[in-house]
Amino acid sequence: MIFENKYIQQRIEKANTLKDAGYNPYANDSKRNTTIEKYLNVNSDVAEMENKRDEKRHYIVSGRIKFLRIMGKASFVKIEDESGMLQVYITRDNLPEGFYNEIFKKNIEVGDIIEVGGFPFVTGKGELSLHVDSFKLLTKAISPLPEKFHGITDKEIRYRKRYLDLIMNAEVRKTFQIRSRVISLTRRFFEDKGFLEVETPMMHPIAGGANAKPFVTHHNALGVDRYLRIAPELYLKRLIVGGFEAVFEINRNFRNEGMDATHNPEFTSIEFYWAYKTYKDLIEITKEYFQYLFEHLNLPTLLPYGDLEVNFANFQEIPLIESLTTVGGVPADVTKDKERIIAYLNEKGITVKPGMNLGQLQGELFDEFVEKKLIDPTFITEYPVEISPLARRNDEHPEITERFELFIAGREIANAFSELNDPIDQLARFEGQMAAKESGDDEAHEMDSDFVEALSYGMAPTAGQGIGIDRLVMLLTNEHSIRDVLLFPAMKPVQEENTKEDEE
RNA sequence: GUCCUGUUAGCUCAGCUGGUAGAGCACGUCACUUUUAAUGAUGUGGCCGAUGGUUCGAAUCCAUCACAGGACACCA
């Protein structure tokens with residue numbers, strides 16, 4: 001039985017006592033007429049009054065009891081609603097005969113949700129409070145809350161029982177409010193720019209648009225397997241073919257890979273595609289987007305992140321090859337030669353998989369020596385074509401693509417490029433990926449011939465970008481684990497014990 | 001996937017080189033009409049993550065398993 005714990009039994013007893021005395025422990029006729037935040041704002045003038053009270057005003061507020069201090073015939077109770085915390089002052093003589101001693105003191109406790117009415121006053125210690133003349137239990141909590149001072153710190157409980165984390169930790173609520181604001185602002189920013197929000201399938205016949213292992217599910221009626229999408233890219237580009245010139249989608253992607261501080265199997269991204277633009281335009285709109293977020297979230301330009309300080313007034317732009325030398329300290333002549341890169345990496349104690357091509361090796365150098373050093377926002381541009389199967393080649397230098405990734409605080413935040421719209425080249429790139437897949441790269445991109453056919457009807461020159469919303473929120477809220485910006489991060493199931501006896 | 005660390009009361013944590021399981025908060029009872037983690041008195045509360053092993057004796061030592069956190073690998 002899940003309620004066999006003695007503390008819970010005790011509280012169930014209290015709920016029953018209340019019920020027997022005619023007080024519904026789960027009443028629903030709330031008469032609340034203000035929130036705590038509004039109450040505190042509206043009555044802030046009471047402190048200036050002569051008696052430090054205004055008995056002509058009357059408010060009804062509701063909230064969960066977080067602190068309960070009973071002192072004989074009077075009590076101080078701190079209640080909390082979504083907007084804030086309020087101290088209420090309850091006395092025996094201001095409530096109906098017997099209520100205070102028999103009902104309130106014996107059956108109401110921390111965790112219960114109550115509703116109180118009364119007038120504003122300021123205590124001797126200067127705290128604006130509510131002088132209670134009516135009291136009502138709205139909801140009895142039969143499980144006790146965690147300890148009031150330390151709260152709940154066990155990460156496993158915090159993630160598995162997020163509701164407890166939210167009850168106990170105001171700053172966690174704050175983080176998720178900011179997350180919501182970021183998504184809302186993102187939506188508004190792109191809508192204001194004339195982008196159309198669209199929804200494309202979450203279940204794909206071919207897992208395309210990125211290099212990643214998909215989750216597989218099965219559609220019974222069609223008798224086919226489907227893949228949870230790893231990226232919406234190829235569908236969004238089909239819409240550009242169809243004639244929409246600016247589209248975006250904010251939604252979940254799913255990747256069947258390892259989990260750690262920056263990876264969850266389902267994560268949220270925004271992808272947007274913009275016809276008649278290039279990746280250079282994307283750099284500009286990205287800067288504008290950050291400015292917009294910072295302005296509306298009231299964030300400082302010098303944003304602290306852990307031990308770092310990120311200067312959002314200092315956007316840099318460096319071609320990838322150049323960054324290997326200027327940031328990574330790799331000798332320039334090493335960076336353009338396969339064998340020399342392998343030798344250099346080996347010299348630094350890094351072994352590389354056999355059969356890597358030049359572009360992949362340059363990517364390896366970047367990951368190893370550059371990425372972590374990019375603290376202020378940096379657009380790394382001109383990626384090798386071998387590691388950019390969906391990006392447009394540079395006209396003068398066909399071995400590089402018109403692409404950038406944005407790095408902030410040593411972490412990738414966005415990936416963007418001028419889209420490859422040459423169907424013949426796209427087909428060849430897919431074939432290259434197929435070859436890589438056959439030689440063992442199980443994350444190589446899948447062939448999507450329907451997408452190639454779509455391109456064959458002509459996709460206007462287009463630039464597209466993806467931004468990882470979770471990582472962005474981590475950055476803006478100074479959180480260092482993706483689990484702290486996901487309400488319900490992925491966790492292994494815990495197997496129930498003692499279930500044998502309870503079930504037949 | 002691999003390695004390291006952790007798992008003791010509802011919560012936060014002690015528990016040495018093996019010898020009857022501890023504190024604070026919470027909860028019960030009593031006192032208290034301006035407290036701020038209220039206070040004072042008093043009491044209840046544990047399959048020491050699970051299963052095996054070593055031992056006269058295991059929360060403690062060993063093995064396996066489960067879950068978590070961190071690091072590495074791969075990815076975003």
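Every chain is numbered from 1, with letters handed out A, B, ... down the list of sequences.
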Name the nucleic acid region contacted by A:Arg158, choosing base, sugar-phosphate or nothing; use a 4.0 angstrom heavy-atom cut-off, strictly under. nothing
Using the C1' atoms only, state how far B:rC32 lies from B:rU8, rounded to an integer number of Å. 36 Å
Does the B:rU35 base have a donor-acceptor partner in the side chain of A:Gln87 within less than 3.5 Å? yes
Nucleotide of B:rG70, B:rA76, B:rU12 approaching A:Asp154 most closely (side-chain heavy atoms): B:rU12
Base, sugar-phosphate, or nothing for A:Asn415, non-hydrogen atoms under 4.0 angstrom? nothing
When you measure from the side chain of A:Pro144, which nucleotide among B:rC27, B:rU35, B:rG10 comes out closest? B:rG10
At less than 4.0 Å, is any side-chain N or O atom of A:Lys66 found next to OP1 or OP2 of B:rC25? Yes or no. no
P gap between B:rU29 and B:rA14, integer Å: 32 Å
What nucleotide among B:rC27, B:rU33, B:rG69 has an atom nearest to a side-chain atom of A:Ala74? B:rU33
With A:Asp165 as reference, evaluate A:Lys155, A:Arg483, A:Arg158 under the salt bridge (charged side-chain N to carboxylate O under 4.0 Å, His left out) test and give the passing residue. A:Arg158
When you check the phosphate oxygens OP1 and OP2 of B:rC67, does a side-chain N or O of A:Lys492 lie under 4.0 Å from one of them? yes
Any N or O donor-acceptor pair under 3.5 Å from the base of B:rA73 to the side chain of A:Asp367? no
Heavy atoms under 4.0 Å, any strand shown: does A:Ser143 hit a base, just sugar-phosphate, or nothing? nothing
Heavy atoms from C-beta onward define the side chain here; which of B:rU12, B:rU35, B:rA76 lies closest to that of A:Arg69? B:rU35
When you compare B:rG49 with B:rG10, how far apart are their P atoms, in angstrom units rounded to a whole number? 13 Å
Whole-angstrom distance between B:rC13 and B:rG69, as gauged at atom P: 15 Å
Write down the distance between CD1 (A:Ile90) and P (B:rU36), rounded to a whole number of angstrom. 17 Å
Tell me which of A:Gly151 and A:Ile70 sits closer to the 5' end of RNA chain B, going by the nucleotide each one is nearest to. A:Gly151
Counting any heavy atom closer than 4.0 Å, what does A:Lys78 reach on the DNA or RNA strands: base, sugar-phosphate only, or nothing? base
Applying a 4.0 Å non-hydrogen cut-off, can you work out what A:Leu145 is touching in the nucleic acid: base, sugar-phosphate, or nothing? nothing
Just to confirm, is there a sub-4.0 Å distance from OP1 or OP2 of B:rA26 to any side-chain nitrogen or oxygen of A:Lys148? yes
For residues A:Asp81 and A:Ser83, is any side-chain donor paired with an opposing acceptor at under 3.5 Å? yes
Can you tell me how far P in B:rU7 sits from the matching atom in B:rC27, rounded to whole Å? 27 Å
Compare the ring of A:Phe267 with the six-membered ring in the base of B:rA76 and state whether they stack (centres under 5.5 Å, planes under 30°). yes
According to the Watson-Crick and G-U wobble definition with distances under 3.5 Å, which dot-bracket string, read 5' to 3', encodes RNA chain B, using [ ] for crossing pairs and | for pairs with another strand? (((((((..((((.....[..)))).(((((.......))))).....(((((..]....))))))))))))....
Would you call the rings of A:Phe248 and A:Phe190 parallel, tilted or perpendicular, where under 30° means parallel and over 60° means perpendicular? tilted
Under the criteria of a ring-centre distance below 5.5 Å and an interplanar angle below 30°, is A:Tyr7 stacked with the base of B:rG10? no
Single hit among A:Ile79, A:Ile90, A:Leu40, A:Val88 for side-chain contact (heavy atoms from CB on, under 4.5 Å) with A:Leu130: A:Val88
Any A:Arg11 side-chain nitrogen or oxygen under 4.0 Å from OP1 or OP2 of B:rG10: no
Whether A:His131 and A:Tyr89 hold their rings parallel, tilted or perpendicular, with breakpoints at 30° and 60°: perpendicular
Side-chain contact check for A:Glu109: nearest option of B:rA76, B:rC32, B:rG28 is B:rG28
Using atom CD of A:Glu257 as one end and atom P of B:rG1 as the other, report the distance to the nearest whole Å. 15 Å
Rounded to whole angstrom, note down the P distance from B:rC67 over to B:rG53. 24 Å
Using the C1' atom in both, what is the distance from B:rC47 to B:rG43, to the nearest Å? 24 Å
Provide, to the nearest angstrom, the distance between the CD atom belonging to A:Glu371 and the P atom belonging to B:rC74. 12 Å
A:Phe417 CZ to A:Arg392 CZ distance, which is reported to the nearest 0.5 Å: 13.0 Å
Check every atom of B:rC74, B:rG10, B:rU34 against the side chain of A:Asn5 and return the nucleotide holding the closest atom. B:rG10
Nearest-nucleotide wise, let me know which of A:Asp93 and A:Asn211 is further upstream toward the 5' end of RNA chain B. A:Asp93
The side chain of A:Glu147 lies closest to which of these nucleotides: B:rC25, B:rA68, B:rU35? B:rC25
Side-chain N or O of A:Arg160 closer than 4.0 Å to phosphate OP1/OP2 of B:rA68: yes
On the nucleotide B:rG70, are OP1 or OP2 found under 4.0 Å from the side-chain N or O atoms that A:Arg483 carries? yes
Considering just the side-chain nitrogens and oxygens of A:Thr153, establish if one lies under 4.0 Å of OP1 or OP2 belonging to B:rU12. yes
Strictly under 6.0 Å, is that where the ring centroids of A:Phe379 and A:Phe315 end up? yes
For A:Lys161, side-chain contact (heavy atoms from CB on, under 4.5 Å) partners two or more places apart: A:Ile157, A:Tyr163, A:Leu164
Closest to side chain of A:Met491, choosing from B:rC27, B:rG69, B:rA76: B:rG69
Could you tell me how far B:rG24 sits from B:rA9 if I compare only their P atoms? Round to whole Å. 16 Å
Of all the nucleotides listed (B:rA76, B:rU33, B:rA73), which has the minimum atom distance to the side chain of A:Tyr89? B:rU33
May I ask you to say whether A:Glu80 pairs ionically with A:Arg173, meaning some side-chain N is under 4.0 Å from a carboxylate O? yes
Is A:Arg57 salt-bridged to A:Asp45, cutoff N-O under 4.0 Å? yes
Could you tell me whether a side-chain N or O of A:Lys237 sits under 3.5 Å from a main-chain N or O of A:Leu420, the two making a donor and an acceptor? no
Closer than 4.0 angstrom, basic N to acidic O: yes or no for A:Arg11 and A:Glu109? yes
Out of B:rU12, B:rG28, B:rU34, minimum distance to the side chain of A:Ile152 belongs to B:rU12
Between A:Tyr279 and A:Thr401: side-chain donor-acceptor atoms closer than 3.5 Å: no
Would you please classify the geometry between the A:Phe272 ring and the A:Phe195 ring as parallel, tilted or perpendicular, with 30° and 60° separating the classes? perpendicular
Residues in residues 121-137 of chain A with a heavy atom under 4.0 Å of RNA chain B, by number, are A:Phe121, A:Thr123, A:Gly124, A:Lys125, A:Glu127
Once you apply a heavy-atom cut-off of 4.0 Å, does A:Arg252 come out as touching a base, just sugar-phosphate, or nothing? nothing
Could you check whether A:Asn264 gets within reach of a base, just the sugar-phosphate, or nothing at all, counting any heavy atom under 4.0 Å? base
